[in-house]
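Worksheet for the structure shown next.
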Amino acid sequence: MRALIPVNKVVEHVRTIRNGLVLALGITMTALGASACSGGGDNNPPAAAAPNEHVDLTLSTFTEFGYEALIPEYERLHPNIKITHNKTGQGGPYHQEVITKLAAGSGLADVMALEEGHLSDFLDKGSKFNDLTKIGPADVTPDRWLGWKYDAAKTKDGKLIGYGTDVGPLAMCYRKDLFKNAGLPDDPEAVKPLFATWDSYFAAGADYVKKSGGKAWFDSASQNFNAMVNQLPQGYISTDDKLAVETNQGIKDAWTKVTDAVAKGESAKLTAFSNEWNTGFQQSAFATKVCPAWMLGVVKEHAGAENANKWAVTAAFPGGGGNWGGSYLTVPTQSKHPKEAAELAAWLTAPEQQIKAFQAKGTFPSQVKALTDPALLSKTDDYFGGAKVGELFAEQAKKVQKPQYKGPGDGQIQENAASPALQAVEQGKPAAEAWQQLVDAAKKITR
Amino acid sequence: MTVIDKIAPEGSKAGERVSPRPTFRHRLSRWDVKVSPYLYIAPFFIVFGIVGLFPLLYTAYVSLFKWKAGDDTPDFIGIDNYKDLFADSQFWNALTNTISIFLLSSVPQMIMAVMLAALLGARLKGATGWRVGILLPYAASLVAIGIIFANLFGPKYGLINGVLQTIGLDPVDWQANRFSSHVAIAIMVNWRWTGYNALIVLAAMQAIPKELHEAALIDGAGMWRRFFSVTLPLLRPTLVFIIITTTIGGLQIFTEPKLFDALPGSNNGGSSNQFQTVTLYLYQSAFENSSLGYASAIAWVLFVIIVVIALANYFLTSRLTRTPAVKKK
């Protein structure tokens with residue numbers, strides 16, 4: 001009996017070695033093997049199908065786009081087209097898969113949704129997407145969208161790879177009750193001066209920490225830092241695709257302001273979207289929050305019914321405006337029916353359809369005409385004291401400046417260099433050391 | 001066929017001597033004996049060749065290129081990836097973390113597994129129930145365990161810090177501190193694997209002949225003496241086997257640190273990579289930084305490290321299992 005066990009187990013251990021290798025290497029190889037056969041060839045889009053020929057189109061989206069009711073409508077309008085809609089839950093794995101399939105040269109849908117934060121990785125691979133100004137319907141013109149939204153989807157050589165769907169204009173959310181207790185103004189109009197500039201915002205924070213007996217002002221340093229860096233004329237990567245972390249004074253200034261605020265106890269030190277952060281909403285761990293339009297739903301979900309009417313939102317954001325989130329519909333060159341795919345993308349991103357998507361799932365439209373639609377302007381939110389959120393975020397969307405150039409690796413630097421470095425500061429690492437950590441990590445990403 | 005049949009009997013006189021030109025049937029049956037076994041085991045090796053050997057060799061090939069995912073023409077750079085890797089402090093950091101987590105998990109795990117096995121071997125009411133009980137963590141989903149433990153170890157609102165504070169101790173920022181994060185991850189690993197290993201040890205323990213214990217008892221050995229002088233030495237081969245499997249598993253630890261991050265699923269292994277393991281770094285290089293060549297180099301170095309340790313274990317095993325026989329007499 002005793003002899004048997006080890007023998008069996010040795011077999012198992014050999015298997016474990018092999019499995020391990022297959023796991024570690026095999027995954028890599030799947031991507032590699034695929035990329036090996038991607039060498040050109042499929043870059044010539046086939047001619048458009050005959051007018052009434054049957055066409056199967058696929059559409060891939062992640063999280064919620066609010067397209068469920070729109071797709072049958074499109075099929076009714078175009079009886080020869082049949083659409084298969086693939087929905088994925090999480091954005092992270094979704095975009096990773098898009099990169100793999102782009103490299104593989106096959107496997108993508110005819111219309112692929114891409115998120116703004118990941119767009120820099122795809123603009124870099126512009127040759128793998130169709131130029132929508134060339135294959136899209138002629139009546140779709142740039143003035144359909146907010147200027148910054150449209151421009152952000154253009155590659156360096158001027159190709160338009162995506163039609164804008166929704167946006168995430170930034171406003172400020174704050175806790176009325178906590179403001180009141182600390183002796184700060186709490187009316188949405190009266191708090192606007194506090195949120196005028198980043199300096200006034202952090203100064204108000206220091207004041208709040210003192211008056212509230214050491215309570216935190218904001219949830220997480222990186223939430224503010226990302227917004228600050230996004231407002232700069234240039235980001236982590238300069239327009240000639242060089243790493244600019246060390247040379248861009250604006251980034252260093254933002255770093256200093258944020259880390260000073262952390263030193264003053266303004267941060268609740270909760271990593272955004274972590275479990276602890278979710279709990280932090282319930283525990284009233286912080287008094288203000290960077291709030292893109294879609295964040296209202298997140299606040300509601302985590303703060304819960306017991307905090308209804310305590311949170312408020314105001315049409316102000318330090319340093320002007322900003323955007324966080326929102327997506328585009330693209331047509332990869334892999335598509336067999338690029339023209340039909342572009343028509344579908346154009347239809348879905350038309351103001352009429354985006355208003356319907358907004359009503360279905362609250363995705364905030366990026367189309368100029370949609371921003372003046374009564375259905376949007378009349379939208380209020382009882383959880384936030386009946387605030388006119390439609391009108392408020394439409395106003396915020398118009399404050400966004402021209403888009404910052406996002407070079408390859410930009411999103412990676414924000415996620416895997418800047419955010420961890422700020423988290424390290426919040427965990428007690430000296431700011432100077434953490435800055436070096438940011439610089440080193442960014443160099444590595446762009447290597 | 002018929003022609004051969006006719007010729008064959010002429011050559012061989014009733015099987016007195018072996019025909020210089022064997023018949024087709026003879027040859028067939030000889031091939032059957034010689035070749036068939038290989039054919040029967042071939043499916044395994046063909047599958048292994050496709051999903052095991054080919055990726056292994058192709059990874060070695062890729063590791064010689066500066067290969068970004070989606071590159072149409074990767075640049076051949078020879079062993080530069082390996083040079084970079086050996087000069088890469090993040091790699092050494094990840095390797096140190098891996099070994100530290102491995103030691104923190106395997107050493108206590110072994111000791112606890114043997115102790116649990118000894119307890120389970122004692123006469124207990126409902127023995128099967130207890131034995132199944134300690135195997136339950138092994139049956140739980142790894143991801144579920146990871147998420148639950150990450151919650152328990154939450155720095156602000158985690159249960160463990162809550163308990164620490166209730167009994168008057170300072171809370172620990174489990175994710176921030178390098179050592180405490182390793183301890184937390186090791187606890188996760190131990191919770192899942194200790195019971196499994198204990199059952200293997202228990203089976204080995206029960207296979208020890210009763211006569212040995214009786215003989216020791218007659219010689220006046222107490223309970224402890226019997227445990228250390230009879231049970232433990234006879235457990236050696238089993239223990240060495242457990243060491244080998246935990247080594248291999250421990251060097252590839254991935255899911256636990258990935259889920260332990262403040263943002264579960266991050267590949268950073270903490271704000272300053274304080275608990276990033278080699279496999280996490282490999283995954284990050286390949287699928288976040290799209291540096292497939294560099295990731296392949298990491299994979300190969302990890303492979304070599306595992307082979308070296310496995311070989312060391314092999315020699316250790318053969319030495320340890322041989323010694324008692326030599327000592328006899």
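Numbers restart at 1 for each chain; the letters A, B, ... are given by sequence-line order, proteins then strands.
- Contact annotation for A:Ala441: neither backbone nor side-chain heavy atoms come within less than 4.5 Å of a heavy atom of chain B.
- When atom types are taken as modelled, the side chain of B:Asn289 and the backbone of A:Ile445 share no donor-acceptor pair closer than 3.5 angstrom.
- Looking at B:Asn268, B:Asn93, B:Thr98, B:Asp88 one by one, the single match for side-chain hydrogen bond (donor to acceptor under 3.5 Å, both in side chains) with B:Tyr281 turns out to be B:Asp88.
- Interface residue B:Gln274: only side-chain heavy atoms are found under 4.5 Å from chain A.
- If you measure heavy-atom distances from B:Asn267 to chain A, you find no contacts under 4.5 Å at all.
- Side-chain contact of B:Ser272 with A:Lys429: a donor-acceptor pair under 3.5 Å is present, judged by distance alone.
- Interface summary for chain B: among A:Thr446, A:Asp440, A:Asn416, A:Thr279, the most heavy-atom pairs under 4.5 angstrom belong to A:Asn416.
- Only the side chain of B:Tyr294 comes within less than 4.5 Å of a heavy atom in chain A; its backbone stays farther off.
- Contact annotation for A:Ser274: both backbone and side-chain heavy atoms come within less than 4.5 Å of a heavy atom of chain B.
- Proximity to chain B is limited to the backbone of A:Ala268, based on heavy atoms less than 4.5 angstrom apart.
- Look at B:Asp75 and B:Lys66 and you find no salt bridge, because none of the NZ, NE, NH1 or NH2 atoms lies under 4.0 Å from a carboxylate O.
- Close placement of the B:Trp193 and B:Tyr138 rings is indicated, their centers lying within 6.0 Å of each other.
- Atom OG1 in B:Thr73 sits 10.5 Å away from atom CH2 in B:Trp67 (nearest 0.5 Å).
- Contact of B:Pro155 with chain A is made through backbone and side chain together, with heavy-atom distances under 4.5 Å.
- In terms of heavy-atom pairs under 4.5 angstrom with chain B, the leader among A:Glu415, A:Lys444, A:Glu276 is A:Glu276.
- A donor-acceptor contact closer than 3.5 angstrom links the side chains of B:Gln276 and B:Gln90.
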